[in-house]
Amino acid sequence: MDLTPSREAALARLATFLPAAGRRYAETRNADDGPAVGGRGNVSQLSPWLHAGVIGESEVLEAVLSVHSPRAAEKFIAEVFWRIYFKGYLEQRPAIWDDYCSGRDGALAAMEANAGLRKAYTEAVEGRTGIEAFDVWAKELVETGYLHNHARMWFASIWIFTLKLDWRLGADVFLRHLMDADAASNTLSWRWVAGLHTKGKHYLARADNIARYTSGRPGGALAAAGLAGDEAEPLSEPQDYARRKLDLPPPVSAADFAQPFALLLHDEAAHHAPLALPATPALLIGAARPEARSPAAPGPHALTFARGALAGGMAEAAAAFGCPAVEWRASEPLAPLLAAAGVERVALPYLPTGWTRDALWPDLAPLAAEGRVTSLLGDIDRATWPLAKAGFFGVAKAIDGLLAECGIRGDG
Ligand SMILES: Cc1cc2nc3c(=O)[nH]c(=O)nc-3n(C[C@H](O)[C@H](O)[C@H](O)COP(=O)(O)OP(=O)(O)OC[C@H]3O[C@@H](n4cnc5c(N)ncnc54)[C@H](O)[C@@H]3O)c2cc1C
């Protein structure tokens with residue numbers, strides 16, 4: 001499958017997948033048939049481009065509804081809203097991300113000090129546990145930068161409940177290798193499997209379920225002997241994450257862009273097309289921070305996708321706007337780049353909780369305090385995030401209304 005990190009490749013993948021986004025998706029999406037040369041037929045594999053902001057959720061939903069009725073595409077639409085829900089949930093509980101980062105660092109240090117733990121961890125990440133299914137996915141993750149959703153659930157469950165490894169180490173392995181690695185979807189999905197997101201409700205992988213949904217793999221169903229049984233207890237934690245009030249930037253208008261401004265593209269918003277910018281920037285700034293996701297190095301697929309998406313997005317934005325483009329490197333301060341171009345103001349796609357924000361915000365905060373930063377937040381996030389207060393149900397029951405509110409009808 002063509003996983004080129006370009007908008008052209010994202011649109012081509014969307015077009016190829018569209019016929020399957022209706023009932024076929026609902027009926028077949030749970031099967032992990034393995035990485036086929038032409039791509040998996042039953043899922044979209046759009047997640048790397050969605051994460052990088054090369055294509056937007058709204059345009060994917062618009063395209064799907066132009067081919068399928070809302071009922072036929074109900075399942076696919078709901079999955080796209082899971083992504084938006086997780087973002088909104090984490091935005092209201094950023095301490096979950098901070099605690100994940102410090103917990104991961106503590107778990108990495110504990111492993112360095114314990115040879116037994118280090119051995120178990122190394123066997124898991126290198127796919128040498130002896131549990132066939134898990135070992136296949138561990139290798140597939142590194143070799144392809146992608147895992148099917150069901151495989152992610154089984155993998156995380158086996159990691160936590162059978163191998164009894166720290167969930168934050170597993171989440172870190174995913175973040176380093178997945179091309180779609182996303183602070184919200186990844187952290188909260190691992191917590192969901194562990195029984196920390198929906199307290200006391202964990203996800204236990206079962207060998208018969210794995211065999212059933214992997215039977216379409218070229219080599220046949222994957223075996224998973226010796227998994228933790230039903231008696232495995234969900235994880236628990238002492239802290240309760242209170243919800244903080246969302247502090248969203250106001251909607252923008254052309255008046256906000258009356259003065260010359262720089263458009264800042266970053267890892268999670270690498271292309272200008274989904275932004276619907278109402279004015280032309282005087283300068284483009286590109287900031288790639290894929291290494292900020294983990295203290296350890298990102299895997300080759302994740303790194304190549306992230307860097308390629310931003311490089312391609314910058315080149316296309318420079319051509320579209322006819323303005324100069326500069327790279328903001330990780331070791332450099334931002335202010336001199338603006339000063340050199342004689343630009344005072346910065347517009348940037350909203351930085352959600354996660355490593356991109358952690359890496360970029362310290363330089364942007366002083367400018368924001370001076371009123372020189374305009375954050376762009378898409379309609380669908382603005383409408384959905386306030387509903388991501390607790391479980392997904394609060395969003396699920398509002399999906400029809402959210403689509404209508406955002407003008408997503410399939411006639412665009
Ligand atoms: C332990 C674990 C870790 C995960 N880590 C990530 C991650 O780092 N980044 C990430 O984007 N997704 C993550 N997911 C969610 C999901 O597995 C992927 O989004 C999905 O597999 C991507 O493949 P696809 O594009 O073919 O999805 P499709 O089935 O085609 O779905 C379409 C889109 O909907 C969204 N989506 C689908 N399922 C989910 C879901 N369960 N949660 C959130 N969004 C969803 C994705 O943006 C996806 O591209 C994780 C799930 C688990 C269980």
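Residue numbers count from 1 along this sequence.
Geometrically, R191 does not engage Y100 in a cation-pi contact, judged by NZ or CZ lying under 6.0 Å from the ring centre and within 45° of the ring axis.
Remark: R29 engages E79 in a salt bridge, criterion side-chain N to carboxylate O under 4.0 Å. A salt bridge links E140 with R217: at least one charged nitrogen is closer than 4.0 Å to a carboxylate oxygen. Residues D240 and K199 are paired through a salt bridge, judged by an N-O separation under 4.0 Å between the basic side chain and the carboxylate. Using a 4.0 Å cut-off between a side-chain N of Lys or Arg and a carboxylate O of Asp or Glu, E316 and R7 do not qualify as a salt bridge. Salt bridge status for E291 with R307: present, with a side-chain N to carboxylate O gap under 4.0 Å.
For the pair I96/T353, no side-chain contact is recorded, criterion being any heavy-atom separation below 4.5 Å from C-beta on. A 4.5 Å side-chain heavy-atom check between M153 and W190 finds every atom pair outside the cut-off. Contact of the D172 side chain with the R176 side chain is registered, since non-hydrogen atoms from C-beta on lie closer than 4.5 Å. Within the 4.5 Å cutoff, the side chain of W355 has heavy atoms near those of the L175 side chain. Side-chain contact between L283 and L337 is absent, with no heavy-atom pair separated by less than 4.5 Å. Side-chain contact between P5 and V54: absent, with no pair of heavy atoms (C-beta onward) separated by less than 4.5 Å.
In this structure, Y89 and Y85 have tilted ring planes: the angle between them lies in the 30° to 60° band. Below 30°, between 30° and 60°, or above 60°: for F17 and Y25 the angle between ring planes is above 60°, a perpendicular geometry.
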Q | Stepwise ring-ring contact (aromatic ring centres under 6.0 Å, His included) check, F161 with Y203 | A | CA-CA 9 Å; F161 299 112; Y203 177 78; 9.1 Å; no

Q | Pair T144-L3, side chain to side chain contact (heavy atoms under 4.5 Å, CB included): steps then yes or no | A | CA-CA 10 Å; T144 69; L3 280 162; over 6 Å; no

Q.
Using the rule given for side chain to side chain contact (heavy atoms under 4.5 Å, CB included), can you reason through V43 versus H148, listing the C-alpha separation, both sets of side-chain angles and the distance that settles it, and then say yes or no?
A. CA-CA 8 Å; V43 290; H148 183 277; 3.9 Å; yes

Q) Under the ring-ring contact (aromatic ring centres under 6.0 Å, His included) criterion, do Y350 and W385 qualify, and how do the steps go? A) CA-CA 13 Å; Y350 188 84; W385 287 2; 5.6 Å; yes

**Q.** salt bridge (Lys or Arg N to Asp or Glu O under 4.0 Å) between D99 and R104, intermediate numbers included
**A.** CA-CA 8 Å; D99 285 359; R104 170 204 63 200; over 6 Å; no

(Q) The test is side-chain hydrogen bond (donor to acceptor under 3.5 Å, both in side chains); show your working for E126 and Y121 and say whether it passes. (A) CA-CA 9 Å; E126 291 179 358; Y121 172 85; over 6 Å; no

Q) When you look at R83 and H51, which way does the side chain to side chain contact (heavy atoms under 4.5 Å, CB included) test go after all the steps? A) CA-CA 9 Å; R83 171 179 156 77; H51 168 75; 4.3 Å; yes

Q: Walk me through it: do T374 and R345 pass the test side-chain hydrogen bond (donor to acceptor under 3.5 Å, both in side chains)?
A: CA-CA 8 Å; T374 303; R345 301 189 58 83; 3.2 Å; yes

Q: Tell me, with the steps shown, if W328 and D363 meet side-chain hydrogen bond (donor to acceptor under 3.5 Å, both in side chains).
A: CA-CA 11 Å; W328 173 19; D363 267 67; 4.6 Å; no

Q.
Checking M179 against T304 for the side chain to side chain contact (heavy atoms under 4.5 Å, CB included) test, could you report, in this order, the C-alpha distance in whole Å, the side-chain angles of both residues, the deciding distance, and whether it holds?
A. CA-CA 8 Å; M179 287 182 291; T304 305; over 6 Å; no

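Side-chain N/O atoms of T129 and D135 include a donor and acceptor closer than 3.5 Å. With hydrogens and angles left out, the side-chain atoms of Y241 and Q239 include a donor and acceptor closer than 3.5 Å. For the residue pair N42 and T28, no side-chain donor N or O sits within less than 3.5 Å of a side-chain acceptor on the partner. Under 3.5 Å, the side chains of D32 and W154 contain no donor-acceptor pair of N or O atoms.
Around the NZ atom of K139, the shell of radius 6.0 Å holds more than 12 heavy atoms that belong to other residues, nucleotides or ligands. The 12-atom threshold is exceeded at CZ of R128, counting heavy atoms of other residues, nucleotides or ligands nearer than 6.0 Å. Enclosure of atom CG in D208 by more than 12 non-hydrogen atoms of other residues, nucleotides or ligands within 6.0 angstrom is indicated. Counting non-hydrogen atoms of other residues, nucleotides and ligands closer than 6.0 Å to CD of E8 gives a total of 12 or fewer.
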List the atom pairs, with distances to 0.1 Å, where a side-chain N or O of residues 260-267 and a protein N or O form a donor-acceptor pair under 3.5 Å, not counting sequence neighbours.
| residue | atom | partner | partner atom | Å |
| --- | --- | --- | --- | --- |
| H266 | ND1 | E268 | N | 3.2 |
| H266 | NE2 | P349 | O | 3.1 |
| D267 | OD1 | R289 | N | 2.7 |
| D267 | OD2 | R289 | N | 3.2 |

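Judged by distance alone, the side chain of H301 and the main-chain N or O of E143 form a donor-acceptor pair under 3.5 Å. Remark: side-chain polar atoms of T198 are not paired, donor with acceptor, to backbone N or O of K201 under 3.5 angstrom.
Under the 6.0 Å cut-off for aromatic ring centres, F392 and F81 do not qualify, their centroids lying 6.0 Å or more apart. Centroid-to-centroid, the aromatic rings of H68 and F76 stay 6.0 Å apart or farther.
Atom NE2 in H177 sits 10.5 Å away from atom CG in L147 (nearest 0.5 Å).
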